[in-house]
Amino acid sequence: MPELPEVETTVRGLAPFLEGQRLTAVTTFRPDLRRAFPADLAQRLTGATVTTLSRRAKYGVISTDRDDHMIFHLGMSGRWRTEGGAAGKHDHLLIEAAGHRLFLHDPRRFGSVDLVRGDPLTLFPAFVTLGPEPLSDDFDAGYLAKALAGRRAPIKAMLLDQTVVAGLGNIYVCEALNMARIAPTKAAADVSKAKLAVLVPAIKDVLAAAIAAGGSTLRDFLSPDGDLGYFAKDWRVYGREGEACQCGGTIVRIVQSGRSTFACPKCQR
DNA sequence: CGTGTGCCCTGACAGC
DNA sequence: TGCTGTCAGGGCACAC
């Protein structure tokens, strides 16, 4: 997936197709992503009118006038495609509205689709434990210092923890830590208040820039309009093992919690 | 409770 | 060309 900016871009891209529209048909093809789709998904959505599209963390929310909220997660490889035509391999769900056909496409099937009646912020289990949105005013250096107090896990792992801050993924954490010159391996509680005061705006900046760029992409991300790729990808460190950091150091790749971390050992301390 | 590990699934790519 | 190994934006179940 899609980290926060890609989901935000997806939601913004889907909105013109769906907001205010009646869902004329909802069809499931292979209704087993990470979890099985709700059995009554198609029945509850068909005929409903979409009121709003929104995002929480890396989840997109499609709300209807029946107070049903379809919550989708794109996992590692999910996307919505709007090219129309027939369902193809890895298309799991089809939503039709105002003559448009929207396919939820997810080859690796790490994504999910849930349906909640009533306020998802309090009723959807995954939402209840989420930390603040990183772009909100609730997410500041004071909050982060409190959240990280006493935590001995690496700062990188803490920033990927969705209960600490909601929506960051591997790429943007690597980027923000480089911008703030913090070693990803440093114990979270040992990152100084001064460093956190640099890190928080770095996180906001890298996310805002990616959203502004239309969501960054790797090879299998498509915009909701079906256009191939985006721009970005001009990461400072991500995917740049062996290349020069802006400080002149050499970027290295290490493995933390089984996932790649890219960092510059010269300036990140 | 906090922390670290491994796995879910499929496809792309590098190297032989 | 075809095989094998490695890697991929996430999240969760476990074990300690």
Side-chain angles (χ1 to χ4, degrees), chain A residues 1-11 29-36 55-60 71-80 88-92 104-114 124-131 134 146-177 184-190 203 206-207 210-211 213-223 228-242 253-262:
Chain A
M1 161 180 32
E3 303 184 27
L4 183 155
E6 289 73 28
V7 180
E8 179 66 29
T9 301
T10 295
V11 165
F29 300 105
R30 181 175 173 173
D32 58 332
L33 298 183
R34 169 179 299 281
R35 302 179 275 280
R55 178 194 59 73
R56 176 75 171 108
K58 303 173 193 173
Y59 294 85
I71 302 164
F72 64 87
H73 194 293
L74 298 174
M76 297 268 257
S77 58
R79 64 182 175 87
W80 285 92
K89 198 178 181 186
H90 305 310
D91 288 334
H92 306 299
L104 178 61
H105 180 91
D106 185 2
R108 290 179 72 182
R109 293 197 284 119
F110 281 9
S112 61
V113 174
D114 294 282
F124 185 54
F127 282 3
V128 175
T129 54
L130 285 175
K146 209 169 280 183
L148 300 181
R151 305 299 296 269
R152 305 309 303 169
I155 180 67
K156 191 218 177 187
M158 288 292 95
L159 294 177
L160 286 174
D161 183 336
Q162 303 296 296
T163 69
V164 171
V165 55
L168 294 180
N170 205 35
I171 291 180
Y172 296 118
V173 165
C174 289
E175 295 296 296
L177 287 172
T185 49
K186 197 170 183 70
D190 292 345
I203 289 170
V206 74
L207 294 177
I211 292 172
S216 343
T217 182
L218 297 192
R219 54 182 165 274
D220 59 357
F221 181 72
L222 292 182
S223 79
L228 239 186
Y230 276 97
F231 345 95
K233 220 175 160 186
D234 52 335
W235 313 119
R236 299 164 62 103
V237 289
Y238 188 84
R240 294 190 176 277
E241 180 181 15
R253 171 184 175 271
I254 63 174
V255 175
Q256 292 179 282
S257 309
R259 308 187 66 191
S260 289
T261 300
F262 296 90

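Within every chain, numbering begins at 1; the chains are lettered A, B, ... in the order of the sequence lines, protein sequences first and strands thereafter.
Regarding contacts with the backbone of B:dT10, every side-chain N or O of A:K89 stays at 4.0 angstrom or more from both OP1 and OP2. For the pair A:R34 and C:dC12, the criterion of a side-chain N or O lying under 4.0 Å from OP1 or OP2 is not met. A sub-4.0 Å separation between OP1 or OP2 of B:dC9 and a side-chain N or O of A:H90 is absent. Put simply, A:R109 has no side-chain N or O that comes within less than 4.0 Å of OP1 or OP2 on B:dC8. Neither OP1 nor OP2 of B:dT5 sits under 4.0 Å from any side-chain N or O of A:S257.
Backbone-only contact: A:G169 has heavy atoms under 4.0 Å from sugar-phosphate atoms and none from a base. A:S112 comes within 4.0 angstrom of nothing in the nucleic acid, heavy atoms only.
In this model, a side-chain donor or acceptor of A:R108 finds a partner on the base of B:dC9 within 3.5 Å.
Rounded to whole angstrom, the span from the CG atom of A:L148 across to the C1' atom of B:dC1 amounts to 16 Å. In this structure, CD of A:E241 is placed 15 Å from C1' of C:dA8, rounded to the nearest angstrom. A:D106 places its CG atom 9 Å from the C1' atom of B:dC9, with the value rounded to the nearest Å. In this structure, the CD atom of A:Q256 is 15 Å from the P atom of B:dG6, given to the nearest Å. One atom, NZ of A:K156, and another, P of B:dT3, lie 16 Å apart when rounded to the nearest Å. Going from atom CG of A:L74 over to atom P of C:dG10 covers 12 Å, rounded to whole Å. The CG-C1' distance, from A:L130 to C:dG11, rounds to 12 Å in whole Å. Distance A:H92 NE2 to B:dC8 C1': 13 Å, rounded to the nearest Å.
Looking at A:P2 and A:T10, their side chains never come closer than 4.5 Å, going by heavy atoms from C-beta outward.
For the residue pair A:C174 and A:V237, the shortest heavy atom distance occurs at O-CG2, 3.6 Å. Nearest heavy-atom pair across A:N170 and A:L160 is N-CD2, 3.6 Å. A pairwise comparison of heavy atoms in A:E175 and A:Y238 identifies OE2-N, 2.9 Å as the closest pair. Contact record, A:L130 with A:A166: CD2-CB, 4.0 Å, taken as the closest heavy-atom pair.
The side chain of A:R151 lies closest to B:dG2, out of B:dG11, B:dG2, C:dG11. Considering only the side chain of A:M76, C:dA8 comes nearest among B:dG4, C:dA8, C:dG11. Of all nucleotides listed (C:dA8, C:dG10, B:dT3), C:dG10 comes nearest to the side chain of A:R259. Out of C:dC7, B:dG4, C:dG11, the shortest distance to the side chain of A:R253 is found at C:dC7.
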Where do A:R109 and A:R30 land on the side chain to side chain contact (heavy atoms under 4.5 Å, CB included) test, with the steps shown first?
-> CA-CA 10 Å; A:R109 293 197 284 119; A:R30 181 175 173 173; 2.7 Å; yes
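Between C:dC12 and B:dG11, the two C1' atoms lie 23 Å apart (nearest whole Å). To the nearest whole angstrom, the two P atoms, one in C:dC14 and one in B:dC9, are 15 Å apart.
For C:dG11, the base is not stacked against the aromatic ring of A:F110, per a cut-off of 5.5 Å between centres and 30° between planes.
With a 3.5 Å ceiling on both atom-pair distances, the Watson-Crick or G-U wobble partner of B:dG11 is C:dC7.
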